[in-house]
Amino acid sequence: MTLSMEHIKESFRLFDSDGSGEIDQQEMKLAMLSLGWQLEDSEVLDMMTAIDKDGDAKINYDEFEKMMVDRTAAKDSEEEAKRAFKLFDLDKSDTITVDNMVEVARQLGENAEDMRSRIESYITAASGGEQAINLQQWLAVMDSVKSMRSIISPRP
């Protein structure tokens, strides 16, 4: 789900019912719902607490925009990882095997057999000793890779 900045601004304006330039917890819940996220009150409160810089239990537009961009990027990342999983799952078994990865590498012009032992190590580590990984294991690995990237090269 990719949101335009205009959609984010419009959602904020729409739910800033008193025109104060800030939204409270109830307004935030409605704004999130309008953007496609149905959240419990506790989830909304946790989100607000995490981004509310001045601790006034209200979110200004800058805080709202940053949260939405971060949330959308995370959701897009997961959807991209799911699409990649489907590309590697050549036999549609809901798992990725060493042979699946070797075949995709071959199709991409890599010397796949030279990569086989690295791929086997990767699959074994990611699956806890099995010869294939499922979607949840794949997503966990992709999340770890993303976390490592942010540690190595954090955003300003």
Side-chain angles (χ1 to χ4, degrees), residues 1-12 15 23 25-53 59 61-156:
M1 167 193 237
T2 302
L3 298 174
S4 70
M5 295 309 265
E6 191 54 41
H7 194 171
I8 293 170
K9 283 180 190 174
E10 185 58 33
S11 292
F12 185 86
F15 294 100
I23 56 178
Q25 183 178 348
Q26 205 52 32
E27 292 169 325
M28 174 69 110
K29 186 172 182 176
L30 290 173
M32 296 303 290
L33 187 58
S34 79
L35 294 168
W37 287 296
Q38 188 168 353
L39 304 173
E40 298 296 322
D41 289 339
S42 61
E43 293 173 299
V44 174
L45 181 60
D46 289 346
M47 285 173 37
M48 289 185 67
T49 301
I51 62 172
D52 182 17
K53 301 272 190 246
I59 304 299
Y61 178 74
D62 290 337
E63 293 166 331
F64 182 77
E65 179 185 286
K66 180 179 180 348
M67 178 199 62
M68 293 309 302
V69 168
D70 290 350
R71 237 182 125 78
T72 301
K75 191 167 193 125
D76 287 347
S77 256
E78 183 174 329
E79 289 179 19
E80 285 176 22
K82 286 178 180 178
R83 281 194 296 276
F85 180 88
K86 287 180 183 178
L87 292 174
F88 280 102
D89 181 17
L90 298 174
D91 56 2
K92 308 298 182 221
S93 64
D94 294 327
T95 61
I96 298 173
T97 65
V98 172
D99 289 338
N100 292 147
M101 289 189 92
V102 167
E103 177 58 22
V104 170
R106 189 193 62 71
Q107 290 174 8
L108 293 172
E110 299 293 330
N111 186 344
E113 287 307 316
D114 287 350
M115 299 173 70
R116 183 174 283 278
S117 67
R118 283 185 291 169
I119 292 170
E120 285 173 350
S121 296
Y122 165 80
I123 297 258
T124 301
S127 67
E130 300 297 321
Q131 296 301 305
I133 57 174
N134 63 33
L135 178 60
Q136 291 311 108
Q137 293 162 330
W138 173 263
L139 292 174
V141 168
M142 294 298 106
D143 194 44
S144 295
V145 168
K146 185 173 70 173
S147 295
M148 288 304 295
R149 283 187 186 148
S150 69
I151 290 168
I152 294 168
S153 57
R155 286 190 218 168

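A quick note: this is a predicted structure, and the numbers were derived from the prediction, not measured.
Within the 4.5 Å cutoff, side-chain heavy atoms of Arg116 are placed close to those of Asp99. At a threshold of 4.5 Å between non-hydrogen side-chain atoms, the residues Thr124 and Glu130 do not count as touching. Within the 4.5 Å cutoff, the side chain of Ile123 has heavy atoms near those of the Met101 side chain. Between Asn134 and Asp94 there is no side-chain heavy-atom pair separated by less than 4.5 Å. No side-chain heavy atom of Leu87 sits less than 4.5 Å from a side-chain heavy atom of Val104.
Remark: Gln107 CD is packed, more than 12 non-hydrogen atoms of other residues, nucleotides or ligands lying under 6.0 Å away.
When all heavy atoms of Met48 and Ile23 are compared, the pair lying nearest together is CE-O, 3.8 Å. Listed here is the closest heavy atom pair of Ser127 and Ala132: CB-O, 3.1 Å. Considering every non-hydrogen atom in both Trp138 and Ala84, the closest pair reads CZ2-CB, 4.0 Å. The nearest pair of heavy atoms linking Lys86 to Lys92 is O-NZ, 3.7 Å. Contact detail for Phe85 and Ile133: the closest heavy-atom pair is CE1-O, 3.8 Å. Among all heavy-atom pairs drawn from Asp41 and Gln25, the shortest one is O-NE2, 3.1 Å.
Here Asp52 contributes atom CG and Met28 contributes atom CE; the two are 9.0 Å apart, rounded to the nearest 0.5 Å. In this structure, NZ in Lys29 is found 9.0 Å from CD in Glu43, a value given to the nearest 0.5 Å.
Proximity of a side-chain donor or acceptor of Glu120 to a complementary backbone N or O of Val98 within less than 3.5 Å is not detected.
A side-chain donor-acceptor contact under 3.5 Å links Thr97 and Asn100.
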